[in-house]
Amino acid sequence: MKKTTLLLGALLAMAACKQDASNANDANQAQMEEAAGDVSTDATEAGPASPDGSAPAASEPMSEEPLPGAPSTASTPPSSNNPLFNLTLQSGQAGMVRIGMPIEEMKKAYGETKLRTIDHTLEGTTTTAYEVLGERRRPDLRVEQECTGNACKVSRITVLNSAFKSQTGVGIGSTFGDVKKSFNITRVSPGESNFVAISETEKMSFVLDMRGIPAQRWAKLKVDDIPNSTLVSGVMLY
């Protein structure tokens, strides 16, 4: 009887130990599964791993570059209403300077920084004139004046910048043939140091590059004597 009781106690103790071990295994398995779930969640949030097993690169912010075809925020081209960008050439006017325009009005239009006072000598007479300055302060126009007392007006304009063009594209660098297509050239004449083709109706003179014709012949030349290929080296308005 005593032996039977001892044997039964041993069996019960063994059963209790197995139950405790089973409970411990279940708890350990649950912890492992929970940890595995956390790792899976982190991996999902971080994005797919790289093919070589290295950690995924951090995501970059979206570029702020405009999409193709999106409207540009750049400023629009300067208007011809701005005297600094007005390169028009027509009878009686170059840019914003007009024949008969008060000098004070020209100064207001261009500003003091875009005008330079010069001494201009013509046929032995020196007078005060102005240069309209362009990029890098190069002279674009030379403006002569005529004064009555203190009231001075523009009397002649000499174009020095080849960017100034008529509506038909005529200007410095054009050929004499191009000039005749756009303007009524009534005569040609040698000047003090140059040779000009004159449109009396438009009150414009085109300085011609006459290096191919001896100066001794200039006084006898007529309009039809000038080759159409002769280049324009200057334009004057009066």
Side-chain angles (χ1 to χ4, degrees), residues 83-101 103 106 110 114-146 153-219 221-238:
L84 303 182
F85 297 99
N86 188 328
L87 302 174
T88 58
L89 177 61
Q90 57 188 314
S91 176
Q93 182 171 346
M96 295 289 285
V97 183
R98 306 183 313 274
I99 298 296
M101 179 185 200
I103 294 297
M106 180 186 70
Y110 283 91
K114 287 297 181 179
L115 291 176
R116 178 164 58 201
T117 303
I118 63 171
D119 291 331
H120 177 61
T121 301
L122 180 64
E123 297 179 354
T125 302
T126 300
T127 58
T128 298
Y130 300 89
E131 288 180 342
V132 176
L133 304 177
E135 294 180 1
R136 300 182 181 179
R137 295 186 64 78
R138 68 158 187 264
D140 282 353
L141 304 172
R142 182 171 64 241
V143 180
E144 299 171 51
Q145 63 182 349
E146 184 177 66
K153 295 183 178 182
V154 175
S155 61
R156 186 159 71 166
I157 305 168
T158 301
V159 178
L160 306 172
N161 184 352
S162 61
F164 285 80
K165 301 292 184 185
S166 69
Q167 289 186 341
T168 56
V170 172
I172 295 175
S174 299
T175 66
F176 186 51
D178 294 332
V179 172
K180 291 190 295 183
K181 291 177 182 178
S182 299
F183 300 93
N184 178 28
I185 301 301
T186 52
R187 60 188 177 94
V188 294
S189 174
E192 184 177 18
S193 60
N194 54 31
F195 188 87
V196 296
I198 302 169
S199 173
E200 294 175 335
T201 54
E202 301 287 342
K203 295 188 178 299
M204 298 176 70
S205 297
F206 299 87
V207 181
L208 302 180
D209 184 349
M210 298 291 286
R211 286 177 292 181
I213 301 177
Q216 295 82 353
R217 295 180 52 196
W218 290 3
L221 295 175
K222 305 298 182 183
V223 174
D224 293 338
D225 296 328
I226 309 302
N228 286 333
S229 59
T230 303
L231 296 178
V232 175
S233 59
V235 181
M236 292 184 292
L237 295 76
Y238 60 92

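Treat the numbers as computed from the prediction; the structure is a model and nothing was measured.
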Practice task
Answer yes or no: is there a side-chain heavy-atom contact under 4.5 Å between Phe206 and Ser174?
Solution key: no
Handout entry: Value rounded to 0.5 Å, distance of OG1 in Thr230 from CG in Asp178
Key = 11.5 Å
Problem - Student check: side-chain heavy atoms of Ile118 and Tyr130 closer than 4.5 Å - result: no
Handout entry: Distance in Å, Leu141 CG paired with Leu160 CG, rounded so as to fall on 0.5 Å steps
Key = 6.5 Å
Handout entry: Non-hydrogen atoms of Glu144 and Ala129 that approach each other most closely
Key = CA-CB, 4.3 Å
Handout entry: More than 12 heavy atoms from other groups under 6.0 Å of CZ on Arg138
Key = yes
Exercise for the section: Look at atom CD of Glu146 and say whether more than 12 heavy atoms of other residues, nucleotides or ligands are closer to it than 6.0 Å. Expected result: no
Exercise for the section: Using distance alone, with no hydrogens and no angle criterion, decide if Thr126 and Thr121 have a side-chain donor and acceptor under 3.5 Å apart. Expected result: yes
Problem - Val97 side chain near Tyr110 side chain, heavy-atom distance below 4.5 Å - result: yes
Exercise for the section: Keeping the roles fixed (side chain from Gln167, backbone from Gly169), state whether a donor-acceptor pair exists under 3.5 Å. Expected result: no
Fill in the blank from the handout: On a heavy-atom basis, the closest approach of Gly92 and Leu237 is N-CD2, 3.6 Å
Practice task
With side chain to side chain contact (heavy atoms under 4.5 Å, CB included) as the test, would you mind laying out the steps for Val196 and Val188 before giving the verdict?
Solution key: CA-CA 6 Å; Val196 296; Val188 294; over 6 Å; no
Practice task
Please answer whether the main-chain N or O of Ile213 pairs with a side-chain N or O of Trp218 as donor and acceptor at a distance below 3.5 Å.
Solution key: yes
Practice task
Check for a donor-acceptor pair, side chain of Ser199 on one end and backbone N or O of Asn184 on the other, with a separation under 3.5 Å.
Solution key: yes
Exercise for the section: Would you give the length of the straight line joining atom CZ of Phe164 to atom OG1 of Thr88, rounded to the nearest 0.5 angstrom? Expected result: 7.5 Å
Exercise for the section: Answer yes or no: is there an ion pair linking Lys222 with Asp224, defined by an N-O contact shorter than 4.0 Å? Expected result: no
Exercise for the section: Check whether any side-chain heavy atom of Val235 sits under 4.5 Å from a side-chain heavy atom of Met204, and report yes or no. Expected result: yes
Exercise for the section: Any chance you could measure Ile157, atom CD1, to Leu89, atom CG, to the nearest 0.5 Å? Expected result: 9.0 Å
Problem - Check: Val154 and Ile103 side chains under 4.5 Å, non-hydrogen atoms - result: yes
Practice task
Check whether any side-chain heavy atom of Ile198 lies under 4.5 Å from a side-chain heavy atom of Ile185, and answer yes or no.
Solution key: no
Exercise for the section: Kindly give the heavy-atom pair with the smallest separation between Ser182 and Val170, and that separation in Å. Expected result: OG-CG2, 3.6 Å
Exercise for the section: Might you confirm whether atom NZ of Lys165 has over 12 heavy atoms from other residues, nucleotides or ligands at distances under 6.0 Å? Expected result: yes
Handout entry: Heavy-atom side-chain proximity of Thr168 to Lys181 below 4.5 angstrom
Key = no
Practice task
Please report the closest heavy-atom contact between Leu221 and Met210, naming both atoms and the distance.
Solution key: CD1-CE, 3.6 Å
Exercise for the section: Apply the test side chain to side chain contact (heavy atoms under 4.5 Å, CB included) to residues Leu122 and Thr127: give CA-CA distance (whole Å), side-chain angles for both, the deciding distance (0.1 Å), then the verdict. Expected result: CA-CA 8 Å; Leu122 180 64; Thr127 58; over 6 Å; no
Fill in the blank from the handout: Rounded to the nearest 0.5 angstrom, the CZ-CD1 distance for Arg156 and Ile99 is 9.5 Å
Exercise for the section: Indicate the atoms forming the closest heavy-atom contact of Arg187 with Val223, along with that distance. Expected result: CA-CG2, 3.8 Å
Completion exercise
Between Ala197 and Leu208 the two heavy atoms that sit nearest each other are CB-CD1, 4.0 Å
Problem - From OG (Ser155) to OH (Tyr238), nearest 0.5 Å - result: 13.0 Å
